Amino acid sequence: MTRQDTFKHKGLREQLVAQLRDSGISDEAVLKAIGEVQRHWFLDSALDTMAYEDRALKIGCDQTISRPSTVAMQSQLLCVQPGMKVLEIGTGSGYQAAVLCKMGAKVFSVERQKGLFDQTRKLLAELGYRVRCFLGDGYQGLTEVNYGPYDRIIVTCGAPEIPAPLMEQLKVGGIMVIPLGEEEQEMLRITKEGEKKEEWKVEKFGTYSFVPMLDGRNMGS
Ligand code: SAH
């Protein structure tokens with residue numbers, strides 16, 4: 001299948017980057033990555049013209065790709081440096097993983113739903129993004145293969161609580177960005193300054209609306 005990246009797409013992407021900059025995104029590496037990743041390739045072709053609007057869109061299996069402003073915010077809060085190991089929970093369309101990959105991170109991504117996992121792993125490989133994709137329950141982090149601990153962890157679904165295994169798989173000095181809450185979520189940045197809970201620095205960055213993180217009892221199909 002031939003994928004096109006037309007002048008129109010490029011123009012819309014530039015506009016989106018300008019909009020994100022105006023709204024306060026200042027990490028140049030994030031802006032550059034968003035300027036480069038063809039978001040429309042991560043969506044159904046019927047949504048092609050909407051790909052660069054700041055909105056969440058359907059990606060199948062009842063899930064959504066996060067809004068570009070949310071991807072930009074989470075990526076900025078993560079403070080990623082090239083070469084860092086980043087664990088993502090909720091691969092979804094693969095767009096967030098691709099953005100982190102463009103920023104030079106080594107990305108490991110876990111998805112709960114088999115349909116999305118199969119489709120997105122294939123797409124990322126076809127597009128040349130070296131994201132390591134795993135099918136599993138992100139509550140447990142990445143268990144089957146031990147690539148951790150991670151410099152950074154990003155959760156892209158609404159978590160009712162902070163999953164303990166994720167904090168264990170985060171390096172001391174590492175950062176986790178996680179939307180916490182059931183109906184709506186508060187964006188948290190947790191810096192693991194030491195092993196003990198009292199040594200975790202928690203900062204809050206406003207309210208968001210994510211699809212829920214499904215746990216073992218509520219797996220979806
Ligand atoms: N980062 C994605 C956002 C997708 S929406 C993107 O850029 O498109 C969140 C995703 O989290 C959905 O695909 C959903 O299936 C997945 N998810 C929900 N609960 C999960 C869990 N416990 N473990 C792993 N993935 C989960």
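The figures here come from the full heavy-atom set of this structure, side chains too, leaving out hydrogens, waters and symmetry mates. Computed from a prediction, not measured in an experiment: that's the story for all the values here.
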Check against side chain to side chain contact (heavy atoms under 4.5 Å, CB included), Tyr95 and Ile59:
CA-CA 11 Å; Tyr95 177 70; Ile59 53 170; over 6 Å; no

What verdict does the side chain to side chain contact (heavy atoms under 4.5 Å, CB included) test give for Phe205 and Val177, after you've listed the backbone C-alpha separation in whole Å, the side-chain angles of each residue and the deciding distance to 0.1 Å?
CA-CA 10 Å; Phe205 295 91; Val177 174; over 6 Å; no

Does His40 form a side-chain hydrogen bond (donor to acceptor under 3.5 Å, both in side chains) with Tyr52? I'd like the steps, not just the answer.
CA-CA 8 Å; His40 63 286; Tyr52 298 99; 2.6 Å; yes

Check step by step if side chain to side chain contact (heavy atoms under 4.5 Å, CB included) holds for Leu43 and Arg39.
CA-CA 7 Å; Leu43 294 165; Arg39 190 170 187 261; 4.3 Å; yes

Gln38 and Arg13: side chain to side chain contact (heavy atoms under 4.5 Å, CB included), yes or no, with the steps?
CA-CA 8 Å; Gln38 290 88 351; Arg13 237 175 6 255; 3.6 Å; yes

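Residues Leu78 and Val30 form no side-chain contact, since every pair of their non-hydrogen atoms from C-beta on lies 4.5 Å or further apart. Residues Lys58 and Thr64 are in side-chain contact: their nearest non-hydrogen atoms beyond the backbone lie under 4.5 Å apart. The closest side-chain heavy-atom distance from Lys204 to Leu188 is below 4.5 Å. Side-chain contact between Leu123 and Ser93 is absent, with no heavy atoms from C-beta onward closer than 4.5 Å. Residues Ile153 and Met167 form no side-chain contact, since every pair of their non-hydrogen atoms from C-beta on lies 4.5 Å or further apart. Asp48 is listed as a side-chain neighbour of His9, based on a closest heavy-atom distance under 4.5 Å.
Using cut-offs of 30° and 60° for the angle between ring planes, the Tyr129 and Phe42 rings count as tilted. Taking the six-membered ring where the residue is Trp, Phe134 and Phe108 present parallel rings, their angle staying beneath 30° rather than reaching 60°.
The line from CD of Gln113 to CG of Leu214 is 6.0 Å long, rounded to the nearest 0.5 Å. Separating the CD atom in Gln19 from the CD1 atom in Ile25 is a distance of 11.5 Å, to the nearest 0.5 Å. Met103 contributes atom CE, which lies 10.0 Å from atom CE of Met84 (distance to the nearest 0.5 angstrom). With values rounded to the nearest 0.5 angstrom, Lys201 atom NZ is found 16.0 Å from Lys192 atom NZ. A distance of 10.5 Å separates OG in Ser45 from CZ in Arg3, rounded to the nearest 0.5 Å. Considering CE of Met187 and CD of Glu203, their distance stands at 13.0 Å, rounded to 0.5 Å.
By the rule that hydrophobic residues join a cluster once side-chain heavy atoms approach within less than 4.5 Å of another member, Ile154 and Leu170 end up as members of separate clusters. When hydrophobic clusters are built by joining Ile, Leu, Val, Met, Phe, Trp and Tyr residues whose side-chain heavy atoms come closer than 4.5 Å, directly or via intermediates, Leu100 is not grouped with Met176. In terms of hydrophobic clustering, with Ile, Leu, Val, Met, Phe, Trp and Tyr side chains grouped at heavy-atom distances under 4.5 Å, Val80 and Leu77 are assigned to a common cluster. In the hydrophobic clustering of this structure, Met73 does not group with Ile190; members are Ile, Leu, Val, Met, Phe, Trp, Tyr whose side-chain heavy atoms approach within less than 4.5 Å, directly or through other members. Hydrophobic clustering, with ILVMFWY side chains joined whenever heavy atoms are under 4.5 angstrom apart, groups Ile175 together with Val99.
When all heavy atoms of Pro179 and Cys157 are compared, the closest pair comes out as CG-O, 3.5 Å. Contact record, Leu31 with Leu20: CD2-CB, 4.0 Å, taken as the closest heavy-atom pair. Nearest heavy atoms, Leu116 versus Gly92: CD2-O, 4.1 Å. Contact detail for Met213 and Ala159: the closest heavy-atom pair is SD-CB, 3.7 Å. The two residues Arg189 and Cys79 come nearest to each other via the heavy atoms NH1-SG, 3.6 Å. When all heavy atoms of Arg67 and Ala56 are compared, the pair lying nearest together is CG-N, 3.4 Å.
Within a 6.0 Å radius of CD in Glu186, more than 12 heavy atoms belonging to other residues, nucleotides or ligands are found. Atom NZ of Lys8 has 12 or fewer heavy atoms from other residues, nucleotides or ligands within 6.0 Å. Summarising the local packing, NZ of Lys106 is surrounded by 12 or fewer heavy atoms from other residues, nucleotides or ligands at distances under 6.0 Å. Surrounding CG of Asp62 are at most 12 heavy atoms belonging to other residues, nucleotides or ligands under 6.0 Å away.
For the pair Arg152 and Glu88, the salt-bridge criterion is not met [side-chain N within less than 4.0 Å of a carboxylate O]. With salt bridges taken as basic N to acidic carboxylate O contacts below 4.0 Å, none links Asp118 and Lys122.
A donor-acceptor pair is defined here as one N or O able to donate and one able to accept, closer than 3.5 Å; such a pair exists between the side chain of Gln76 and the backbone of Ser26. For Lys102 (side chain) and Glu36 (main-chain N/O), no donor-acceptor pair under 3.5 Å exists by modelled atom type. Of the possible polar contacts, one joining the Thr156 side chain to the Ile89 backbone as a donor-acceptor pair under 3.5 Å is found. Gln169 places a side-chain N or O within donor-acceptor distance of the main-chain N or O of Gln140, the cut-off being under 3.5 Å. The backbone N or O of Val155 sits nowhere less than 3.5 Å from a side-chain atom of Gln96 that would complete a donor-acceptor pair.
Shown are Leu124, Thr91, Thr120; of these, the side chain to side chain contact (heavy atoms under 4.5 Å, CB included) with Val131 is made only by Leu124.
Judged by the 6.0 Å and 45° rule, Lys114 forms no cation-pi pair with Phe117.
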